[in-house]
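Chain A is the first sequence line, chain B the second, and so forth, proteins listed ahead of strands; every chain is numbered from 1.
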Number of protein chains: 2
Amino acid sequence: MALKAVKTKVSLADKAYRELKRKILDNELHSSQQMTEAEVSVLLNMSRTPTREAMLQLANEGLIELKPRHGMRVKPISIDDMQEIYEILTGLESTAAALCATKGLTEEQLSLMHDAVDTMNKTLDQDNLTEWAKADEQFHRYLVEFADNNRLTSLVSNFIEQSHRFRMLTLKMRPKPTNSNKDHLDVISAIELRDSEKARLIHHQHREKSGRMLIALIKEVGLNHI
Amino acid sequence: MALKAVKTKVSLADKAYRELKRKILDNELHSSQQMTEAEVSVLLNMSRTPTREAMLQLANEGLIELKPRHGMRVKPISIDDMQEIYEILTGLESTAAALCATKGLTEEQLSLMHDAVDTMNKTLDQDNLTEWAKADEQFHRYLVEFADNNRLTSLVSNFIEQSHRFRMLTLKMRPKPTNSNKDHLDVISAIELRDSEKARLIHHQHREKSGRMLIALIKEVGLNHI
DNA sequence: AGAGTCTATAATGTATACATTAATAAATTT
DNA sequence: AAATTTATTAATGTATACATTATAGACTCT
């Protein structure tokens, strides 16, 4: 929220925003539920004004949709939506990879990225997909953060949130991500070499492959949306 | 605004949003002006509630910044901000170019893009920079629109708005854009060939060159921000 | 039974009252 | 004169009243 970066005291509107977002991302609210402003106010135990401000914010971020006179519902994410989100994330993360190579990373930053891939290797050996996903997520987070572009970081965060539920749903359905780790190591190598075009291309191919595989999986399972 | 796509009647909040945005983009409001919610309400001739909602929206879009107890001001755009915005726009528009090549465009769409470049050629010969800029803008708009990704289109629009004042300010300062037209034709060729990597690379190089030239120009003129 | 009309209710956009608190100005002290 | 303290004012976050209007349900007609 626009104000939260400046203040120490959290407003009710901000609390409403965070609580609703948490419920959405943790699947405590679903796209089958339609809730009016009044109902959401009761749920959050506050008046309509902060609730309404929070709902408008979430709608603008693409996490909910507002239907006049019918309130809000969690925005269903269709396959087409996921396609769009992946296209953008692919472009943005590839840009981040290229920027990392162009700007150069510190030894500490490179070390952190290597650590994330090491953890991915270990958890893959242990067949621990949940921990693997966390490490994978961490790698992607580092990539974007180290590109040193605040707007890029915000954008990627927002799109990752939009696709979060989809990705969590499909985590166990995916084949074993044996190539991910190698792709990530290749990206780190390209960054170390300061080869921005190579870093971009490798990560782009990685994301495209992942995205394609995920979309195919979803179609196979017959999921139109969640 | 979240609601405006669904309704026929425009709310006061939406009116406030559009009016403030127009004033910002047309330089009727400047970063030197600080205005409280009450002052903005008077300016727009409506109560604080719709004004406040509009201000929150604009803050989240990065066009204004809110200072507690001091109201809003147009967000100054620094060179670092422009750098970030250009990095993102470069990544997103290159992604759009690649998607155009991947998805393929219709004869009509290709024709529209050719028309825009033709207009760029004509207006350049006539030394009409303002009309040239419009045609150039049109070309970029087509590129993004024809990538057929709604989220991408929204994002690019938003960042273009953030950088609008900067670009208008520097339009007359730039050297004659003799290479732009050729770059655009090369992108169209790559799209026609369905070569997504080539389309991406050409456009990426174009945007990077433009961005670098613009940042250098701004530093030369000694502008820290606007 | 289905279509059309009418009425009551509910949702929401907006205005404004109110409480809180940060900022500013005035008063006091050193 | 400068620093500190105190009082006042103003900004804003929130609650709620109110007006508007879309929706749903009841009623009537065919």
[X] [atom1] - [N] [atom2] separation (whole Å):
| X | N | atom1 | atom2 | answer |
| --- | --- | --- | --- | --- |
| B:Lys67 | C:dT24 | NZ | C1' | 13 Å |
| A:Gln34 | D:dA24 | CD | C1' | 15 Å |
| B:Asp14 | C:dT12 | CG | C1' | 15 Å |
| B:Glu37 | D:dT14 | CD | P | 11 Å |
| B:Leu56 | D:dT12 | CG | C1' | 11 Å |
| A:Leu66 | C:dA11 | CG | C1' | 12 Å |
| A:Arg48 | D:dG13 | CZ | P | 18 Å |
| B:Arg52 | C:dT16 | CZ | P | 17 Å |

Pair B:Asp81, B:Ser78: side-chain N/O donor-acceptor within cut-off below 3.5 Å: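 Yes.
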Salt bridge (charged side-chain N to carboxylate O under 4.0 Å, His left out) contacts in which one or both residues fall within residues 158-172 of chain A, not counting sequence neighbours: A:Lys21-A:Glu161
Sequence neighbours excluded - salt bridge (charged side-chain N to carboxylate O under 4.0 Å, His left out) pairs with any residue from residues 84-97 of chain B: A:Lys103-B:Glu87, A:Arg151-B:Glu84, B:Glu93-B:Arg207
Given DNA chain D, 5'-ward residue of the pair A:His70 and A:Met46, judged by closest heavy atom: A:Met46
Any N/O donor-acceptor pair, B:Arg69 side-chain to D:dG13 base, under 3.5 Å: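 Between D:dG13 and B:Arg69, which were checked side chain against base, a qualifying N/O pair under 3.5 Å is absent.
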Earlier contact from the 5' end, DNA chain C, for A:Thr49 and A:Met72: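 Result: A:Met72.
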Under 3.5 Å donor-acceptor, A:Asn60 side chain and A:Leu56 backbone: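 Side chain of A:Asn60 to backbone of A:Leu56, a donor-acceptor pair under 3.5 Å: yes, one is there.
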Minimum-distance nucleotide to B:Pro50 side chain [options: C:dT14, D:dT16, D:dA24]: C:dT14
Closest to side chain of A:Ser11, choosing from C:dT14, D:dT14, C:dT12: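 For the A:Ser11 side chain, the nearest candidate turns out to be D:dT14.
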B:His203 and B:His140 aromatic centres sub-6.0 Å: yes
Touch class at under 4.0 angstrom, heavy-atom based, for A:Thr36 against every strand present: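 Answer is sugar-phosphate: A:Thr36 comes under 4.0 Å of backbone atoms only.
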